[in-house]
Amino acid sequence: MIYTKTGDGGTTSLVGGSRVNKDDVRVEAYGTVDELNSHIGLLAEMLRQCQGSYYDELKTVQRNLFTIQTLLATEDEAIYARLPQLKDDDVKALEHQIDAITDRLPKLHSFVIAGGNLAGAQCHVCRTVCRRAERRMVTLSHEVKLDETIQRYINRLSDYLFVLARLAVVMDGKTEDLYIN
């Protein structure tokens, strides 16, 4: 059965069983990462058929986001210690991907207006949701200690999504819409 009715009163369970309000800062943080994960799933499907599609990279990102969601949803330190953890290598992998994509792009001298094509626009949606997830995690970090690796990963992910948005437009033979004032 998919419905439990335990959340009907506005509370939800964290990993380990403790209950909190559904608008708790912890729930806001992992819920926003969940939203990001869904948007990245859509992006991965949009890019699946493209040359150099980045589908596999995005699926790795989704798995890492599930790890982050689980860690953010866990307040019990003993349980947290037994869970899979994000590693510095995960952050370095994103940095490597950012560098590789950037090498394929023209130099940027102004702001980019979101869009260019459907995949590029979806990358920007992902990027802005990622930034919101990062802000929710900062708010949570005022109450609990967060793993710095998670915070670095989310920060790099928004950069990755930005360069991927640019690449999606360039690979499609389109011109980026630049903000020139």
Side-chain angles (χ1 to χ4, degrees), residues 1-46 54 57-98 111-115 120-165:
M1 180 175 327
I2 190 69
Y3 56 92
T4 62
K5 300 181 184 180
T6 59
D8 290 353
T11 63
T12 191
S13 293
L14 298 177
V15 174
S18 64
R19 296 200 63 83
V20 296
N21 290 324
K22 288 186 178 184
D23 64 353
D24 184 86
V25 293
R26 183 179 294 276
V27 177
E28 281 292 330
Y30 74 72
T32 305
V33 174
D34 184 34
E35 180 183 352
L36 171 61
N37 206 340
S38 295
H39 279 293
I40 288 177
L42 176 60
L43 176 61
E45 294 305 321
M46 293 171 100
Y54 296 89
E57 287 180 6
L58 290 170
K59 288 302 176 180
T60 298
V61 165
Q62 285 190 287
R63 285 188 286 281
N64 288 339
L65 290 176
F66 266 106
T67 298
I68 291 169
Q69 288 170 237
T70 304
L71 293 170
L72 291 174
T74 306
E75 64 180 354
D76 184 297
E77 291 180 20
I79 294 171
Y80 188 99
R82 293 191 309 266
L83 293 172
Q85 304 290 317
L86 222 55
K87 300 174 185 67
D88 282 333
D89 285 347
D90 298 313
V91 176
K92 289 177 185 171
L94 273 181
E95 291 171 348
H96 174 72
Q97 293 164 8
I98 291 166
F111 292 104
V112 175
I113 296 175
Q122 181 61 24
C123 282
H124 283 292
V125 169
C126 292
R127 177 187 57 79
T128 59
V129 174
C130 187
R131 287 289 191 207
R132 181 161 34 91
E134 184 177 24
R135 292 190 304 271
R136 297 298 178 261
M137 288 170 52
V138 167
T139 301
L140 179 59
S141 75
H142 297 305
E143 295 184 15
V144 300
K145 183 173 176 11
L146 292 183
D147 181 345
E148 291 177 14
T149 305
I150 293 171
Q151 292 177 283
R152 283 195 324 274
Y153 186 87
I154 293 293
N155 186 272
R156 293 311 178 285
L157 181 57
S158 65
D159 295 335
Y160 170 78
L161 292 164
F162 175 75
V163 297
L164 188 59

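Between Thr12 and Val20, the closest side-chain pair of non-hydrogen atoms falls below 4.5 Å. Considering only heavy atoms from C-beta on, His142 stays 4.5 Å or farther from Val25 through its side chain. Between Val125 and Leu42 the shortest side-chain heavy-atom distance does not fall below 4.5 Å. Looking at Thr74 and Tyr30, their side chains never come closer than 4.5 Å, going by heavy atoms from C-beta outward. Using a 4.5 Å heavy-atom threshold, the side chains of Asp90 and Thr67 count as separate. Residues Arg131 and Asn155 are in side-chain contact: their nearest non-hydrogen atoms beyond the backbone lie under 4.5 Å apart. Side-chain contact check for Leu72 versus Gln69: every heavy-atom pair is 4.5 Å or farther apart. Between Tyr54 and Leu43, every side-chain heavy-atom pair lies at or beyond the 4.5 Å cut-off.
Between Val27 and Lys22, the shortest heavy-atom contact is CG1-O, 3.2 Å. For the residue pair Cys130 and Ile154, the shortest heavy atom distance occurs at SG-O, 3.3 Å.
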Step-by-step side chain to side chain contact (heavy atoms under 4.5 Å, CB included) determination, Ile79 to Arg82: CA-CA 5 Å; Ile79 294 171; Arg82 293 191 309 266; 3.6 Å; yes
Kindly indicate, with the supporting measurements, whether the criterion side chain to side chain contact (heavy atoms under 4.5 Å, CB included) is fulfilled by Leu146 and Met137. CA-CA 8 Å; Leu146 292 183; Met137 288 170 52; 4.0 Å; yes
CA sep, side-chain torsions, deciding dist, call: Leu157, Ile40, side chain to side chain contact (heavy atoms under 4.5 Å, CB included): CA-CA 11 Å; Leu157 181 57; Ile40 288 177; 4.2 Å; yes
Test side chain to side chain contact (heavy atoms under 4.5 Å, CB included) applied to Phe162 and His124, step by step: CA-CA 7 Å; Phe162 175 75; His124 283 292; 3.9 Å; yes
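In this structure, a donor-acceptor pair under 3.5 Å is absent between the side chains of Ser158 and Glu134. Between Thr11 and Arg19, the side chains place a donor N or O and an acceptor N or O closer than 3.5 Å (distance only, hydrogens not considered).
Residue Leu140 is tested with Lys145, Arg135, Arg26, Glu28 for a side chain to side chain contact (heavy atoms under 4.5 Å, CB included); the sole match is Arg26.
Surrounding CD of Gln85 are more than 12 heavy atoms belonging to other residues, nucleotides or ligands, all under 6.0 Å away.
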